[in-house]
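See structure below.
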Amino acid sequence: MIYLKTPDEIEKVRGACRLASLALGEVAKAVLPGTPTHRLDTIAREYIVNNGGRPACLGYGGFPATVCIEVNEVVVHGIPDNYTLREGDIVGVDIVAELDGYNGDMCYTFPVGKVSDDVMALLRTTKESLYQGIEACREGHRLGDVCNAVQTYCEKRGYTVVREMCGHGIGRKMHEDPEIPNYGRRGTGPLLRNGMCLCIEPMINMGSRNIAIEPDGWTCRTRDRKPSAHFEHTVAIIDGKTEILTSFDPIEQVLGDRKV
């Protein structure tokens, strides 16, 4: 069931989204060659807790960390560990902050130092496709319009779309209905209505769309080990308009010329 939020509830989601955005801005300062990925997790956890929130991923279904870390070919749900970031890596950091009983969810894939031109093109296309999906997310449209916008934008540029993982609704729970694939047909799916809070999150591969789950039960990689990128915003449909509740500004203020 898709739960439509009241204006007061949307404001609570907005507060959680602001906390997630600021936490990722703090993480951005440490995304440098030589940083172990567990350090990024610690920064995110401490920022959320010190600002009155709860790291929603920590313990979710047994997940052992605050953020999901997605280095190079990792698509989603990577576990922070002792891996040390290297020049030329990319690393997605997916974060969910809970504040006052509501959740905000976002992801940004960072270049670590200087990355190759083809990898940077993947990052830019994935980020651009997120905004294509958001542009299609309008009251009176269908969910399939959002899914199709992401898919066509990426596939026309030679990339592939992960089929097994998807975006979702959000609110009191981290994952609510509806599921939001990054592929689909226009004019299909649920009608988009005022009060919907949605997480749109393209997961786009440079090579094959096929994935594999590691023995830890969480880490999802591309089967061909080619790079994957992931960007995500939480949005809400308010008075017929779609507002982006999370923000990349705190991240990109830190990155400067290194932003995607």
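All values below come from the heavy atoms of this structure, side chains included, with hydrogens, waters and symmetry mates left out.
Environment of CZ in Arg225: crowded, with over 12 heavy atoms of neighbouring residues, nucleotides or ligands closer than 6.0 Å. Remark: Arg258 CZ is packed, more than 12 non-hydrogen atoms of other residues, nucleotides or ligands lying under 6.0 Å away. Atom CG of Asp117 is surrounded by 12 or fewer heavy atoms from other residues, nucleotides or ligands within 6.0 Å. Enclosure of atom CZ in Arg157 by more than 12 non-hydrogen atoms of other residues, nucleotides or ligands within 6.0 angstrom is indicated.
Linking Ile, Leu, Val, Met, Phe, Trp and Tyr whenever their side-chain heavy atoms come within less than 4.5 Å puts Ile251 and Ile200 in one cluster. Linking Ile, Leu, Val, Met, Phe, Trp and Tyr whenever their side-chain heavy atoms come within less than 4.5 Å puts Leu130 and Tyr159 in one cluster. Hydrophobic clustering (ILVMFWY, side-chain heavy atoms < 4.5 Å, transitive): Ile79 and Phe110 are in distinct clusters. Hydrophobic clustering (side-chain heavy atoms under 4.5 Å, transitive across Ile, Leu, Val, Met, Phe, Trp, Tyr) groups Leu19 together with Val27. No continuous path of ILVMFWY side-chain contacts below 4.5 Å connects Val13 to Ile134, so the two sit in separate hydrophobic clusters.
Within the 4.5 Å cutoff, side-chain heavy atoms of Pro111 are placed close to those of Val260. Within the 4.5 Å cutoff, the side chain of Cys197 has heavy atoms near those of the Ile170 side chain. At a threshold of 4.5 Å between non-hydrogen side-chain atoms, the residues Thr219 and His77 do not count as touching. At a threshold of 4.5 Å between non-hydrogen side-chain atoms, the residues Arg163 and Arg209 count as touching.
Asn51 places a side-chain N or O within donor-acceptor distance of the main-chain N or O of Tyr47, the cut-off being under 3.5 Å. A distance-only check finds a donor-acceptor pair linking the side chain of Asp224 to the backbone of Ser208 [under 3.5 Å]. Remark: the backbone N or O of Gly171 is paired with a side-chain donor or acceptor of Asn103 at under 3.5 angstrom. A distance-only check finds a donor-acceptor pair linking the side chain of Thr6 to the backbone of Glu9 [under 3.5 Å]. A donor-acceptor contact shorter than 3.5 Å links the side chain of Thr35 to the backbone of Ala30. Between the side chain of Lys156 and the backbone N or O of Gln151, no donor-acceptor pair lies under 3.5 Å. Between the side chain of Asn205 and the main chain of Thr160, no donor-acceptor pair closer than 3.5 Å is present. Remark: the backbone N or O of Asn148 is paired with a side-chain donor or acceptor of Thr152 at under 3.5 angstrom. The closest donor-acceptor contact from the side chain of Arg14 to the backbone of Leu245 lies at 3.5 Å or more, if one exists at all. A donor-acceptor contact shorter than 3.5 Å links the side chain of Glu176 to the backbone of Lys173.
Under the side chain to side chain contact (heavy atoms under 4.5 Å, CB included) rule, Thr109 has a single partner from Leu123, Thr126, Val71, Leu122, which is Leu123. Each of Val119, Thr125, Thr222 was scored for a side chain to side chain contact (heavy atoms under 4.5 Å, CB included) with Met206, with one residue passing: Val119.
Summarising the hydrophobic clusters (Ile, Leu, Val, Met, Phe, Trp, Tyr; side-chain heavy atoms under 4.5 Å, direct or chained), the residues clustered with Leu58 are none. The other members of the hydrophobic cluster of Val162, by chain and number, are Val75, Val76, Met165, Met203, Ile211, Ile213 (side-chain heavy atoms under 4.5 Å, ILVMFWY only).
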**Request:** Determine, step by step, whether Tyr60 and His175 satisfy the ring-ring contact (aromatic ring centres under 6.0 Å, His included) criterion, reporting the C-alpha distance in whole Å, the side-chain angles of both residues, the deciding distance to 0.1 Å, and the verdict.
**Result:** CA-CA 11 Å; Tyr60 181 83; His175 294 125; 5.4 Å; yes
**Request:** Check the pair Cys57, Phe63 against side-chain contact (heavy atoms from CB on, under 4.5 Å), reporting the backbone distance first and the verdict last.
**Result:** CA-CA 7 Å; Cys57 290; Phe63 190 75; 4.2 Å; yes
**Message:** Before you tell me yes or no, could you show the steps for Leu192 and Glu139 under side-chain contact (heavy atoms from CB on, under 4.5 Å), namely the whole-Å CA-CA distance, both residues' side-chain angles and the distance that decides it to 0.1 Å?
**Reply:** CA-CA 5 Å; Leu192 299 176; Glu139 184 191 21; 5.7 Å; no
**Asked** Hey, mind stepping through Arg185 and Thr188 against side-chain contact (heavy atoms from CB on, under 4.5 Å) and telling me if it holds?
**Response** CA-CA 6 Å; Arg185 291 186 294 119; Thr188 64; 3.7 Å; yes
**Request:** Determine, step by step, whether Ile69 and Val67 satisfy the side-chain contact (heavy atoms from CB on, under 4.5 Å) criterion, reporting the C-alpha distance in whole Å, the side-chain angles of both residues, the deciding distance to 0.1 Å, and the verdict.
**Result:** CA-CA 6 Å; Ile69 293 288; Val67 296; 3.9 Å; yes
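When all heavy atoms of Pro80 and Ala65 are compared, the pair lying nearest together is CD-CB, 3.4 Å. Residues Pro190 and Ile2 share a closest heavy-atom pair of CB-CD1, 3.9 Å. Across every non-hydrogen atom of Gly184 and Cys147, the tightest pair is N-CB, 4.0 Å. Contact record, Val254 with Gly25: CG2-O, 3.6 Å, taken as the closest heavy-atom pair. The minimum heavy-atom distance between Cys137 and Leu198, with the atom names listed, is SG-CD1, 3.8 Å. Nearest heavy-atom pair across Leu99 and Gly52 is CD1-O, 3.4 Å.
Residues forming a ring-ring contact (aromatic ring centres under 6.0 Å, His included) with Phe231 (at least two apart in sequence, or on another chain): Tyr108. Lys127 meets the side chain to side chain donor-acceptor pair (under 3.5 Å) test with Glu252; sequence neighbours excluded. In this structure His141 satisfies the ring-ring contact (aromatic ring centres under 6.0 Å, His included) test with no other residue, sequence neighbours excluded.
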Donor-acceptor list for residues 233-241 side chains, cut-off 3.5 Å, not counting sequence neighbours:
unit_1, atom_1, unit_2, atom_2, d
His233, ND1, Thr246, OG1, 2.7
His233, NE2, Tyr131, OH, 3.0
Thr234, OG1, Asp105, N, 3.2
Thr234, OG1, Asp105, O, 2.7

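Taking the charged nitrogens against the carboxylate oxygens, Arg45 and Asp41 do have a contact shorter than 4.0 Å, which makes a salt bridge. Salt bridge status for Glu73 with Lys226: absent, with no side-chain N to carboxylate O gap under 4.0 Å.
There is no side-chain donor-acceptor pair under 3.5 Å between Tyr153 and Asn182. Between the side chains of Tyr102 and Arg172, a donor-acceptor pair is found at a separation under 3.5 Å. The closest side-chain donor-acceptor pair between His168 and Glu179, if any, does not fall under 3.5 angstrom. Side-chain atoms of Asp81 and Thr37 form a donor-acceptor pair, as typed in the model, at a separation below 3.5 Å.
Taken from CE in Met106 to CG in Asp94, the straight-line distance is 9.5 Å, to the nearest 0.5 Å. The CD1 atom of Ile48 sits 10.5 Å away from the CG atom of Leu22 when rounded to the nearest 0.5 Å. Atom CZ of residue Arg221 and atom CD of residue Glu214 lie 4.5 Å apart, to the nearest 0.5 angstrom. Between the CG atom in Asp249 and the NZ atom in Lys259 there is a gap of 8.5 Å [rounded to 0.5 Å]. Ser228 contributes atom OG, which lies 7.0 Å from atom CD1 of Ile90 (distance to the nearest 0.5 angstrom). Rounding to the nearest 0.5 Å gives a distance of 10.5 Å between CD1 of Ile95 and CD of Glu26.
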